[in-house]
Structure formats: C-alpha cells, structure tokens
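To start, the structure under review is shown below, and the notes come after it.
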Amino acid sequence: MHLPPSATSRTLRVGIVGCGRISRNHLEAFAGLDGARVVGVCDVDPARAQATAEAWDVEHAVDSVPALLALGLDVVSVCTPHPTHEAVVLESAAAGVHVLCEKPVAVDMAAAERMTAACDSAGVELGVLFQRRFWPAAQRVRAAIDDGSLGTPVLGHVSVLLHRDPGYYAQDAWRGTWESDGGGVLMTQAIHYIDLLQWYMGEVAEVYGAINTFKHGEHIDVEDSAAAVIKFTSGAMATLAASTAASPALGVQIRITGSTGATAELSEFPEGSDGRVTLMAADGTVRSSPAHPADAAPDVDLSTINAALVPHHTSQIRDFVEALARHDAPAVTGRTATTSLRILLAVYEAARTGEPVRFAPFPPGVPVAPSDVTARAAAQPASR
Ligand SMILES: NC(=O)c1ccc[n+]([C@@H]2O[C@H](COP(=O)([O-])OP(=O)(O)OC[C@H]3O[C@@H](n4cnc5c(N)ncnc54)[C@H](O)[C@@H]3O)[C@@H](O)[C@H]2O)c1
C-alpha cells in the first residue's frame, strides 16, 4: 500500500467530495478523530461547498475534484450520487490518494472493477461504507458464527420493509431512474443487508429474483420491491424480501440459522436505529426481545435516519484511518463491496430473464425433487 513516509505519524489530510446529506456524517466522523482532519470540501454547486466549509470550519471550498486534489490530500471521501463515484475514485487513485466511497461502490460491475483495479495499481486503499457491519449486534452474530455456537450458516432470511414517501424520490433529480440511480430498493437500501447476509453466509453460487413497483410507480422507473432466493457455494440458502412500499414500516430483520440448529435474528427498527440481536435460539433456549418495540415511530424521515447513522459511520471511518496507519486494508474494501453489488445486479438480471444467475456450482449431492414430483407440480391447474 502506498503511504507517504510520514503519514502514520501525522494527521491525515482529508477532502470530501459532495456536500449533500450524507457528507454531514463524514464531517462529523472525521471531526471526532485525532488521526485525520478535513482540509477541503468540494461540490459542483460552489455555494453548497462554501456553506459546508463555513458550517464545519473547513479551510477550503472548491467546485472540482482536481482543485480538491491540488490541496495535497491523503484521503478523499466520496459522498456524491452513485453513478459519479467511479470518476471521483479514478481521479483520486491517479493522484495517489486513498479513497473512502459511499455505497453502492458503483451501479455496474465493470465500473466497480475499474475502480478496484485503479486503486490496486495506484497502491491506494479503497474502502466502501457499509457502516451497519460496525453495529456491536452485527458483530455478535458474526462472532456466534466464528465461535461455532451457530455453526455454519445453512439458512438465512432478510426482510427489509421500509417506508419512503413520494417526496423522497422527488427531492433529487438523480433518484429513481435506472440511468442515474442504478436501481431502487435493492441498490439504495437493501444493499446494506445483502452485505451483512454475504458476510455471514459466504460466497454466492446462484441467484433467483423478481422485482416490481407497487407503490411509487408515478415517481420512479426503478423497483420499489424485490424478492430473491440466494444459494451459496457452501450449500446454504437464503431468501430476501425488500420494499420501500411498506407503511407502517417494519425495518429490517436478518435471521441466520446455523448447522447446530441455532438461530440468531438481527433487527433494525425503526430504520437507522442501532441493530439489536432480537432472538438467539440455541442450546435448548430461546431468548428474544421484541423486534418492533411499540413506542418507536415506524415511518422515519431521511434526516432522522442519516443522523442516527453517525456513530456507525464514525466507527467505520475510524477503522479506515487506523488501517491506513497500520499500512493495512480496511474492514470493508472495494472488493467486498463489489460482491454485494454483484448479488443485487444478479437479482435484476434474474428478474429480467426469468432465469437464475449462476456464479459458481451449488454443491453436488444436494437432494433434488424427483422428476415425477416436479412434473406433477407443473401439471397442477393454476387455480381451483
Ligand atoms: N452509508 C449510508 O447509509 C448512506 C446513507 C445515505 C446516502 N448514502 C450514499 O451517499 C451518496 C450521496 O447521497 P446523498 O443523500 O448525500 O446525496 P445528495 O444528493 O444529498 O448529495 C450529493 C451531493 O453531491 C454533489 N455532486 C454531484 N456530483 C458531483 C461531482 N461530480 N463532484 C462534486 N460534487 C458532486 C451534489 O451537488 C450534492 O450536493 C449516495 O451514493 C448514497 O447512496 C449512503
């Protein structure tokens, strides 16, 4: 990894590109870290960059990435809309600057691969924000897999039932179209939980999927709802159901059942709140707490969600800064983030073709229903 010789012993110089909603989380996180200082902010809207610099006491406000890089940076944080991530990452890597990029890393695989390749060949780190991995509860579920108490994950279920009102899609021109947003609930919301699922369950072998738009069709071209079956190279299987058409919202639950028969459930309700382990069924006992406490307001607005994410952004940004000081890779790299992108793009492809997307063999020896059973099922009348 490239690092200026003195970078471990001095404060890293950070620039932030994109001064919209999520940049606040980055500014607040860096403000709380000793090892890094934001020296410049950049936005194509110069007034927005200037207002951000004044609000956060940052020395420089600029309106282009080259002008930001000219300040002499160690790290760039990318907080721009998804399809613009690639250009900013490539320019930063070419300048020998480490990059911390908001999710999704990109909206297509070719871009994600160009980004990871550019950072590799420049010898800089590419980290991608999946701050939910830093929930202590998410790490407890991972620990229950690692210490054998869950065993090897065999079954997973992810339920993402969120609320967005039409104003959410109307607020920015880039939201809700395939060209500028790259997708809907899968690309923007469910990607966090797909990341957790693959972190727990391992390498994906096959993906079956369907998408639809039930509520927001007047405002968006992309899907507001998706369902998938995901098979893993270990032989494990998972289901996913995700929507921004729920109201009241039920937040997110991820259930993992392991080879010991034990099950853990991780819940986020309301959206943006800290993840909690709401169920641990192991060793003959079931310990549970309500996944949906009655006193929580379910349909949360975006600024409340983003503000609640600050502590977890801070944990991940601290991990990134500390990894650079150790000359090590951060916890979530561009390659890791490309894996969850690949899974959700496979749901789109499966939905488009009606066929599963196969990446790797599903293990042989897994029992398959005999052909007479599947033939009988196919012969059933569609309705009675
Ligand atoms: N990790 C999370 O939980 C989380 C939460 C919210 C948003 N995000 C991600 O953060 C990114 C930004 O989301 P947001 O809600 O802050 O968007 P936003 O629209 O509020 O802000 C984006 C800003 O980037 C600026 N911009 C656009 N193109 C630019 C360019 N080429 N150079 C410089 N500035 C440019 C815009 O003018 C705008 O100010 C998205 O990719 C989104 O998925 C992540």
Side-chain angles (χ1 to χ4, degrees), residues 18-29 79 81-82 102-104 129-138 141 157-172 174-176 181 183-197 213-220 222-226 240-255 265-279 288-317 340 344:
C19 298
R21 292 171 192 82
I22 209 62
S23 66
R24 184 197 167 89
N25 292 38
H26 290 241
L27 285 154
E28 208 165 325
C79 300
H82 332 327
E102 269 299 347
K103 53 50 67 174
L129 264 296
F130 278 126
Q131 74 280 356
R132 285 169 170 87
R133 280 202 190 199
F134 289 80
W135 286 335
V141 173
H157 178 61
V158 181
S159 170
V160 182
L161 290 177
L162 308 179
H163 168 73
R164 290 293 183 273
D165 58 31
Y168 167 81
Y169 294 106
Q171 64 189 334
D172 301 300
W174 61 274
R175 287 187 201 272
D181 211 353
V185 64
L186 288 173
M187 184 67 78
T188 295
Q189 286 86 21
I191 189 169
H192 283 285
Y193 314 104
I194 292 172
D195 173 64
L196 287 172
L197 183 74
T213 307
F214 295 119
K215 181 176 174 189
H216 297 300
E218 272 181 45
H219 312 284
I220 62 177
V222 293
E223 87 289 357
D224 65 22
S225 303
L240 163 83
S243 184
T244 54
S247 183
L250 288 177
V252 178
Q253 286 75 45
I254 301 175
R255 277 194 175 188
E265 180 186 76
L266 180 65
S267 291
E268 174 184 346
F269 177 80
E271 184 184 0
S273 63
D274 291 6
R276 294 174 299 125
V277 176
T278 41
L279 185 142
S288 65
S289 57
H292 304 105
D295 55 350
D299 292 349
V300 214
D301 64 49
L302 191 57
S303 58
T304 307
I305 296 169
N306 285 346
L309 299 176
V310 168
H312 311 301
H313 268 84
T314 304
S315 298
Q316 183 165 359
I317 290 172
S340 34
L344 75 87

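No experiment lies behind these values; they were computed from the predicted model shown.
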Report task. Considering non-hydrogen atoms only, spot the tightest contact between P270 and P298 and give its length. Result ->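 Between these two residues, the closest heavy atoms are CB-O, 4.2 Å.
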Query raised in the report: If every non-hydrogen atom of L196 is compared with every non-hydrogen atom of A138, which pair is closest and at what distance?
Result: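 Heavy-atom minimum between the residues: CD2-CB, 4.2 Å.
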Heavy-atom donor-acceptor pair, [X] side chain to [Y] backbone, under 3.5 Å:
X    : Y    : value
R276 : P290 : yes
S247 : A249 : no
Q316 : H313 : no
D181 : G184 : no

Report task. Run the numbers on R175 and I220 for side chain to side chain contact (heavy atoms under 4.5 Å, CB included), then give the verdict. Result -> CA-CA 8 Å; R175 287 187 201 272; I220 62 177; over 6 Å; no
Query raised in the report: Considering the options Q131, R132, R133, which one meets the side chain to side chain contact (heavy atoms under 4.5 Å, CB included) requirement together with W135?
Result: R132
Report summary line: Paired with D224, the side chain to side chain contact (heavy atoms under 4.5 Å, CB included) test is passed by just one of K215, H219, Q189, namely K215
Query raised in the report: Which is it for N306 and R24 under the side chain to side chain contact (heavy atoms under 4.5 Å, CB included) test, yes or no, and what are the steps along the way?
Result: CA-CA 9 Å; N306 285 346; R24 184 197 167 89; over 6 Å; no
Does the side chain of [X] reach to within under 4.5 Å of the side chain of [Y], using non-hydrogen atoms?
X    : Y    : result
T244 : H216 : yes
V158 : I194 : no
Y193 : E268 : yes
T278 : S289 : yes
L197 : L240 : no
I191 : F130 : yes
V185 : V222 : no
W174 : H82  : yes

Query raised in the report: Under 6.0 Å between ring centres, would you say that holds for F269 and H292?
Result: yes
Looking at [atom1] of [X] and [atom2] of [Y], how far apart are the two atoms once the value is rounded to the nearest 0.5 Å?
X    : Y    : atom1 : atom2 : answer
S225 : L186 : OG    : CG    : 9.5 Å
L250 : S267 : CG    : OG    : 10.5 Å
E218 : T213 : CD    : OG1   : 12.5 Å
L266 : Q253 : CG    : CD    : 9.0 Å
I317 : N25  : CD1   : CG    : 7.5 Å
H192 : S340 : NE2   : OG    : 10.0 Å

Requested in this report: Salt-bridge test for R164 and E271: reply yes if a basic N is under 4.0 Å from a carboxylate O, no otherwise.
Outcome: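 A salt bridge is present here (some side-chain N lies under 4.0 Å from a carboxylate O).
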Query raised in the report: Have E102 and H26 got a donor and an acceptor in their side chains that come within less than 3.5 Å?
Result: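 Yes, because at least one side-chain N or O of E102 sits under 3.5 Å from a partner of the opposite role on H26.
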Requested in this report: Test side chain to side chain contact (heavy atoms under 4.5 Å, CB included) on I254 and V141 and set out the steps.
Outcome: CA-CA 10 Å; I254 301 175; V141 173; over 6 Å; no
Query - Full working for side chain to side chain donor-acceptor pair (under 3.5 Å) between T304 and D301 - result: CA-CA 5 Å; T304 307; D301 64 49; 2.8 Å; yes
